[in-house]
Protein chains: 2
Amino acid sequence: MSKNLSIVNKDLKEERDKINFNVEEFTNWFYGGAEKVKEKKYIENYFLSDKDLNLELDTSYLSYKDKYEEAVRRSIVVYKKLYKLHNEMGGTHEDFVKIMENLRFTMGAINPEGNPFVLHFSMFALTIMNMTNDEQKAEWLPRIFNCNILGTYAQTELGHGTYIQRLETTATYDPKTKEFTLNSPTLTSYKWWPGNLGHTVDHAIVMAQLYSQGKCHGIQPFIVQLRDSETHKPLPGIDIGDIGNKVGFQTVNNGFLGFKNVKVPYKNMLMKNSKLLEDGTFIKPKNAKLNYGTMVIIRVHMIIDAACRIAKATTIALRYSLVRRQSPINPNEIEPKIIEHITQQNKIFPGIAKAVVFKCMADYLTKLHLSITQEGNTGNLARMPELHALSCCLKAVCTNEDAKTVEVCRLSCGGHGFLRSAGLDDVYRNSTAAQTYEGENTVMLLQAARFLIKSFNEARNGGSLTEGVKYLFDFIGRNGKREIFDNSINGILRAIQAAAAGRTYIAWKHIEDDKRHNSIEVATNLAGVHLTKAAELHGYVCLLQVGIEEIEKIIRNVSPALGLVFKNILELFAVDLILNKIGDVIQHVDISNEDIEKLEKQMETLFKFFRTSAIGVVDGFDFSDPIIDSTLGSYDGNVYENLINAARKSPLNQEDVNRTFHLYIKPFMKSNL
Amino acid sequence: MSKNLSIVNKDLKEERDKINFNVEEFTNWFYGGAEKVKEKKYIENYFLSDKDLNLELDTSYLSYKDKYEEAVRRSIVVYKKLYKLHNEMGGTHEDFVKIMENLRFTMGAINPEGNPFVLHFSMFALTIMNMTNDEQKAEWLPRIFNCNILGTYAQTELGHGTYIQRLETTATYDPKTKEFTLNSPTLTSYKWWPGNLGHTVDHAIVMAQLYSQGKCHGIQPFIVQLRDSETHKPLPGIDIGDIGNKVGFQTVNNGFLGFKNVKVPYKNMLMKNSKLLEDGTFIKPKNAKLNYGTMVIIRVHMIIDAACRIAKATTIALRYSLVRRQSPINPNEIEPKIIEHITQQNKIFPGIAKAVVFKCMADYLTKLHLSITQEGNTGNLARMPELHALSCCLKAVCTNEDAKTVEVCRLSCGGHGFLRSAGLDDVYRNSTAAQTYEGENTVMLLQAARFLIKSFNEARNGGSLTEGVKYLFDFIGRNGKREIFDNSINGILRAIQAAAAGRTYIAWKHIEDDKRHNSIEVATNLAGVHLTKAAELHGYVCLLQVGIEEIEKIIRNVSPALGLVFKNILELFAVDLILNKIGDVIQHVDISNEDIEKLEKQMETLFKFFRTSAIGVVDGFDFSDPIIDSTLGSYDGNVYENLINAARKSPLNQEDVNRTFHLYIKPFMKSNL
């Protein structure tokens, strides 16, 4: 956006002059085609150029309350523009949800700490689209898409996040009045965390234990009005508010919610799956696995987001490292760009490779999800468990790598990285949160591990395995002998597979041994650390395997120069991975110190090649300056001017002397101590 | 403090009833004696009970500017009380600096984002105490200790943090006027980062390149008045302000500072070391290593702080894990305390062990520093380089472990850990900052590595080695053969030593090989990744070695029950360490898969024992509720009550309906979209 407006720092220009491939071609790959890139740029400009948004205001200086109010104001500006755009383009409500999806980065630039309406068009609208019967759709969808009501999704409670079967909110049905009565029987049953709930929305889908005919029928969803349509005051029996300050997402308005005898009409229970007859008879759903699909697609989005956050953080860290000069390598020479320090390359280059491989993974999962959903529609659910395990495992591995990589990028910028204006802190807060939400990472890994153990048992008993875990056969086939190592890309893959299979075996054996004294559940718990390690290694196997497959395809379709860059990136990812997991690998692979030394040398060679391409790749991620929003990472590389200009905007600098000098400091300095 | 006021959660009480050692005895060890604990409690209560501090106000909700102003207000309240206490106790100015040092945790509870006067009694006062001649002491110290002037230390510039030799601020001496003229010749020469500089202090020690008689004589310190004593307005030629929002330390008031022909009198150059005669003749200092001592002691404090931050974070995470129940291990049983999940123990228990071992390390370094300083006073500087290398290395290793451990603790608390009221985020911000300030960690490791390589060369040439690196001899003596493993505590130490020596050898060989084509400096840079790894492993060697020595001493001096706990803690630290570094160990130690399995089993046994003691140990860290300041980690364990009470204090909850509903939301909901 501002690319052509300012003079680019000469050190950065010199780097760009040396780029040896077509950056635009890379951008087109990253966004899925030239048309998509054009669309993205149009949308970005359509929103971000709007003066009403007042994006000049740095909201990080505001109070918690002011931040929320400004986020509401900006969001309403955005939604009005969005409706205008949508009306111009035509299209259905479903298209609208898709536009929202593609807007995430632009929205992030507008409300860096989150959107107080974000759940309305996502979980609220989606749940009503997917979990209602036709009558309910007709009643609710027009009001939702016209924003006559605003809603969220209220599931998590103070006492329960992970283990939702034990949620405590109750909905008791009375066939006489044809009403449910909602109650929060304990403090821990209060809803807690739902986004937008505190003061923003007036409706919610509430997950509650359904009681009917004196029996509990498990968790069911209900549409509940929370606030008066005219006054926005909480309705009788509703205890609602904001849960308070957080590490990030300060403007998402996460809320709490307690019920005291709140009446909800019969028609407000969502009945696509379970059904309750008007007389109170409960009818179980035919297939409980229907919700897998939504969970999978949310996690795929989380992998794309992780890729983009790493891309953003490495863009900032790399551009800064090409401009910042410090500490001569040879004391008689001028200070080099800090990227010349090999330790700095080691902090940033593997991160760039991760962004690319994670993007490949997300693309692959999107296709896989589509194909498995199509199979599901014909009644074939065989590959569902693998897809579910895969999405759990990769959600955990990718968000964890994301947080670690972003933090390393911030640290690689030294003191200046600690400034909010560097932009890396905002990225980190989102990255680290993603390790917890939508399935806490350890829980995710344990779920994936269950699939691995099941597959391992299957393999031992000569059963059949789904594609992604066939490497377990190889391990069993070797019968305790170690895999032979070779440092080709497929050799590295086989080594990581051997490590993953080996750790699965260790976990399996641990459980088998323990089962002699304990129940299988207790034995499984005691093997927890091995199980999470096995799942994590399995995640890396998938990333490398899919990375190899996808990048081979890409290389066949792009120009040779860009192909070389992709090859370099894949090798960087693979060699970095095996060197980081060498402790796991070495236990199950015949790899010598000389092999390791060779890998380390290979890494240096890969760095040397990537030194020239790196800036092209991060430029190719194509984050415009308003999106990257960083004094250290702007396209022009005018780091020091950006830093001082940002500092001058600090509210403290709007006056020479702060009032506390006269109020407190001066009297103290002049007093007799 | 509030220990006796509220009813303790019954799950937590049940845990405390089972503690099998004397918690007070542990506390006395942690703080260095019963007398020190008493003193600590007195000081804490003296300050924290003061209603004028208004500690009820949660400053995290305030705007950036309001946060600063409240921090100034509270600090002045504190300083007045401090002077009152000091006057009552009597004592010298130097004692005063020591009281300040012991107040860090109390100060942290009062101003969680930092004290806007913190550098006055630390770097400002200390530098003037240590770097001035008698005349200067007489002029400045009374004004400093009476707070008639307030000062900071201004070294870092926009363009230079690490490599201070290339600072750009100039101080040019004119013998005619007997004045220095200070200038900031470039944008990058602006001072940037000094704490308290923005709007708080009126003086600073400014580090600048001294020019005299047409020559540059390197960096020298000058006392410079920045603001008018009466009006606090910046003096002519001074461009000064706040550097803006940061990841943490928002109220430290870090500032920028530019000079345009600012005159400073001759007598304001600090002349303890270098001297400038009035005619402009420069006289070099006799010994350039004099400053090592201060740097070392600052880093020792950083290790104590790292230990305390880990102690605080594990206290919160453990107490929460003993109260929170989630996810039955056996689906037919009630949900267990989450600490029963072995993965949770694995997240928290090794952290507690680290806090204890880091504290041992800090105690050891304090003694070592004292003894080496005494040697230095008799002219023997032989052990200085090792102490310097050691302090660099351990600063990096301990702050890095600190940040990682605190973040794992936060993640172990799931969603609730993401709340500011959980208190873990504030700890993390301080932890992660410590990785960068007072010597960026990678730079620290490279400095330590230089000492390792020098020692390795020395060892190869049959020279003598200082105590801490003698293990390099063992490695060279084995002549390529691997160390034999045994899983005793000393066996683990030898294994880590072999890994550290092995990595030092790899780095050394890398440099030797590369020297054939490159200069030694380029070769050293190319070996950077190996060098940092070697230094890091060396840091762990020191931690384990000192841990073993110190804990053996402790065990001889405490009751048998507490001795067992210390033994357990040491083994936890050791086994966790070797399992985490197995990839490095395995390359240089003959360790089989069976040995590793044994270590993993040993870890489980250690966890089982520690399960009972853990709560006693964290209680023994003795953080009172106002210091721990956490809804999840308070002594009473009433987690859910604390959470909802904290939420109700959110400024958004002080009204039913936020004004944005009427201003923006309602008009939008009622409009035709």
Side-chain angles (χ1 to χ4, degrees), chain A residues 60-65 69 72-73 76 83 146-147 158 161-163 187-188 199 232-233 241-247 326-327 329-330 342-343 346 414-415 418-420 425 440 442 521 525-526 528-529 582-583 586-587 593 640 646-647 650-653 656-658 660-661 664 668-669 673, chain B residues 60-65 69 72-73 76 83 146-147 158 161-163 187-188 193 199 232-233 241-247 326-327 329-330 342-343 346 414-415 418-420 425 440 442 521 525 528-529 582-583 586-587 593 640 646-647 650-653 656-658 660-661 664 668-669 673:
Chain A
S60 82
Y61 288 112
L62 301 182
S63 73
Y64 182 76
K65 193 176 174 198
E69 296 184 355
V72 169
R73 193 193 68 76
I76 297 290
Y83 272 94
N146 288 327
C147 295
L158 249 184
T162 292
Y163 196 61
L187 175 57
T188 48
H199 290 80
H232 210 57
K233 290 220 183 252
D242 169 56
I243 61 169
N245 216 340
K246 289 153 290 178
V247 178
Q326 198 87 170
S327 301
I329 289 167
N330 183 325
I342 200 93
T343 47
N346 194 48
F418 199 70
L419 292 162
R420 288 297 296 264
D425 183 41
E440 194 279 326
T442 302
E521 291 84 5
N525 178 43
L526 289 173
V529 175
I582 207 75
I586 221 165
Q587 290 179 55
N593 285 9
Y640 300 111
S650 162
L652 283 177
N653 293 333
D656 268 358
V657 178
N658 184 276
T660 55
F661 175 72
Y664 313 116
F668 175 68
M669 291 171 82
L673 292 170
Chain B
S60 83
Y61 288 112
L62 301 182
S63 72
Y64 181 76
K65 193 176 173 197
E69 295 184 355
V72 169
R73 194 193 67 76
I76 297 290
Y83 272 94
N146 289 328
C147 293
L158 250 183
T162 292
Y163 196 61
L187 175 57
T188 48
W193 273 115
H199 290 78
H232 210 56
K233 289 221 183 256
D242 169 56
I243 62 169
N245 216 338
K246 290 153 290 177
V247 177
Q326 199 85 172
S327 300
I329 288 166
N330 184 325
I342 200 93
T343 47
N346 194 47
F418 199 70
L419 292 162
R420 287 298 295 265
D425 182 41
E440 195 278 328
T442 302
E521 290 84 5
N525 177 43
V529 175
I582 207 75
I586 221 165
Q587 290 179 55
N593 285 9
Y640 300 111
S650 162
L652 282 177
N653 292 333
D656 268 357
V657 178
N658 184 275
T660 54
F661 175 71
Y664 313 115
F668 175 67
M669 290 172 81
L673 292 170

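Sequence lines set the chain letters: A, B, ... in the order given, protein chains first and strands last, and positions in each chain run from 1. Computed from a predicted model, the values in this text were never measured in an experiment.
In this structure, F661(B) and H232(A) have parallel ring planes: the angle between them is below the 30° cut-off, well short of the 60° mark.
Of the listed residues S327(B), G161(B), G583(B), the one with more heavy-atom pairs under 4.5 angstrom with chain A than any other is S327(B). Looking only at heavy-atom pairs under 4.5 Å with chain B, the residue among A647(A), G241(A), A646(A) that has the most is A647(A). Of the listed residues (G528(A), C147(A), G414(A)), the one with the most heavy-atom contacts under 4.5 Å to chain B is C147(A). No other option in N658(B), I586(B), V72(B), L158(B) has as many heavy-atom pairs under 4.5 Å with chain A as L158(B). By number of non-hydrogen pairs under 4.5 angstrom with chain A, the leading residue of N245(B), L62(B), D425(B) is N245(B). Between chain A and the residues T343(B), V247(B), I76(B), I243(B), the largest count of heavy-atom pairs under 4.5 Å involves V247(B). Contact count versus chain A (heavy atoms, under 4.5 Å) is highest, among N330(B), V529(B), I582(B), I329(B), for I329(B).
Residues G244(A) and S650(B) share a closest heavy-atom pair of CA-CB, 4.1 Å. Here the closest non-hydrogen pair linking Y163(B) and Q326(A) is N-OE1, 3.1 Å.
Of the atoms belonging to T188(A), it is side-chain heavy atoms, and not backbone ones, that fall under 4.5 Å from chain B. With a threshold of 4.5 angstrom between heavy atoms, N346(B) approaches chain A through side-chain atoms but not through N, CA, C or O. The contact between Y640(A) and chain B is made by backbone and side chain atoms together, counting heavy-atom distances below 4.5 Å. Both the backbone and the side chain of N525(A) have a heavy atom closer than 4.5 Å to some heavy atom of chain B. Residue contact with chain B, scored on non-hydrogen atoms closer than 4.5 Å, involves the side chain of L187(A) exclusively. Using a 4.5 Å cut-off between heavy atoms, E440(A) touches chain B through its side chain atoms alone.
Taking CZ of F418(A) as the reference point, atom NZ of K246(B) lies at 8.0 Å (rounded to 0.5 Å).
When the options D656(B), T660(B), L652(B) are evaluated for a side chain to side chain contact (heavy atoms under 4.5 Å, CB included) with H199(A), the one that passes is L652(B).
One N or O on the side chain of N653(A) and one on the backbone of D242(B) form a donor-acceptor pair closer than 3.5 Å. No donor-acceptor distance shorter than 3.5 angstrom exists from the side chain of Y64(B) to the backbone of S60(A), with no hydrogens or angles considered.
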